[in-house]
Amino acid sequence: MLRVKPEQLDSLLHKQINPEAKKTAELLTKGLPASPGAAVGQVVFTALAAHDRAEEGKKVVLVRTETSPEDIIGMIAAQGILTARGGMTSHAAVVARGMGKSCVAGAGEIVVDEKAKTLVIK
């Protein structure tokens with residue numbers, strides 16, 4: 001038991017992808033594992049949309065080019081966060097870790113158009 005590091009136990013407490021489902025899943029893009037865990041939900045592009053959909057009882061994933069302090073209401077409401085820019089110390093990463101939410105930051109192959117509500121993977 002003394003060989004187990006506390007951070008290893010913490011990562012076990014986060015949601016994970018079912019190992020059987022992972023075998024058949026299609027990888028769309030990669031980013032930095034800014035905060036551990038997995039998230040499932042409807043993609044939303046604004047903090048307000050995340051908040052509103054969560055109020056309706058829906059699970060959402062907040063997708064942004066990058067987050068800012070104004071996005072906090074959506075970050076609280078979301079199951080997970082995905083950003084096109086940022087790193088392990090970006091706003092999205094730090095806030096998500098603090099909340100215990102899954103976050104993938106710096107997924108540079110995605111192009112987010114928040115006005116058109118689209119996400120394109122190059």
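Side-chain atoms are counted along with the backbone in the values below, which use heavy atoms only and exclude waters and symmetry mates.
- Linking Ile, Leu, Val, Met, Phe, Trp and Tyr residues whenever their side-chain heavy atoms come within less than 4.5 Å places Val63 and Leu28 in a single cluster.
- Using a 4.5 Å cut-off between side-chain heavy atoms of Ile, Leu, Val, Met, Phe, Trp and Tyr, with links allowed through other members, Phe45 and Val60 fall into different hydrophobic clusters.
- For the atom pair Lys101 NZ and Leu62 CG, the distance stands at 10.0 Å (nearest 0.5 Å).
- With hydrogens and angles ignored, the 3.5 Å screen pairs no side-chain donor or acceptor of Asp52 with any backbone N or O of Ala49.
- With rounding to the nearest 0.5 angstrom, the OG atom of Ser102 is 12.0 Å from the CZ atom of Arg97.
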Taking it one step at a time, do Val40 and Lys59 satisfy side-chain contact (heavy atoms from CB on, under 4.5 Å)?
-> CA-CA 7 Å; Val40 174; Lys59 292 183 178 183; 5.9 Å; no
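- Taking all atoms of both residues into account, the shortest heavy-atom contact from Ala105 to Gly87 is CB-O, 3.9 Å.
- The two residues Ile81 and Met75 make their nearest non-hydrogen contact at CD1-CE, 3.6 Å.
- Closest non-hydrogen pair, Ile72 versus Val95, comes out as CD1-CG1, 3.7 Å.
- Shown here for Met88 and Ala93, the closest heavy-atom pair between the two residues is O-CB, 3.4 Å.
- Atom CG of Leu2 has 12 or fewer heavy atoms from other residues, nucleotides or ligands within 6.0 Å.
- Looking at every heavy atom in both residues, Thr65 comes nearest to Glu114 through N-OE2, 3.2 Å.
- Taking all atoms of both residues into account, the shortest heavy-atom contact from Ala47 to Ile73 is CB-CG2, 3.9 Å.
- Here the CD atom belonging to Glu56 is positioned 8.5 Å from the CD atom belonging to Gln42, to the nearest 0.5 angstrom.
- Here the side chain of Thr83 pairs no donor or acceptor atom with the backbone of Gly86 at under 3.5 angstrom.
- The residues Lys30 and Glu109 are annotated as not salt-bridged, no charged nitrogen and carboxylate oxygen being separated by less than 4.0 angstrom.
- Panel note: side chain Arg53, backbone Ala77; no donor-acceptor pair is recorded below 3.5 Å.
- With contacts defined as side-chain heavy-atom distances shorter than 4.5 Å, the pair Ile110/Val112 qualifies.
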N/O donor to acceptor pairs below 3.5 angstrom from side-chain atoms of residues 115-122, sequence neighbours left out:
none

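- Taking CD of Gln16 as the reference point, atom NZ of Lys22 lies at 8.5 Å (rounded to 0.5 Å).
- Note on residues 73-89: pairs passing salt bridge (Lys or Arg N to Asp or Glu O under 4.0 Å), not counting sequence neighbours, are Glu66-Arg85.
- Note: Arg64 CZ to Leu82 CG = 12.0 Å, rounded to the nearest 0.5 Å.
- The hydrophobic clustering, which links ILVMFWY residues whose side-chain heavy atoms are closer than 4.5 Å, places Val44 and Met99 together.
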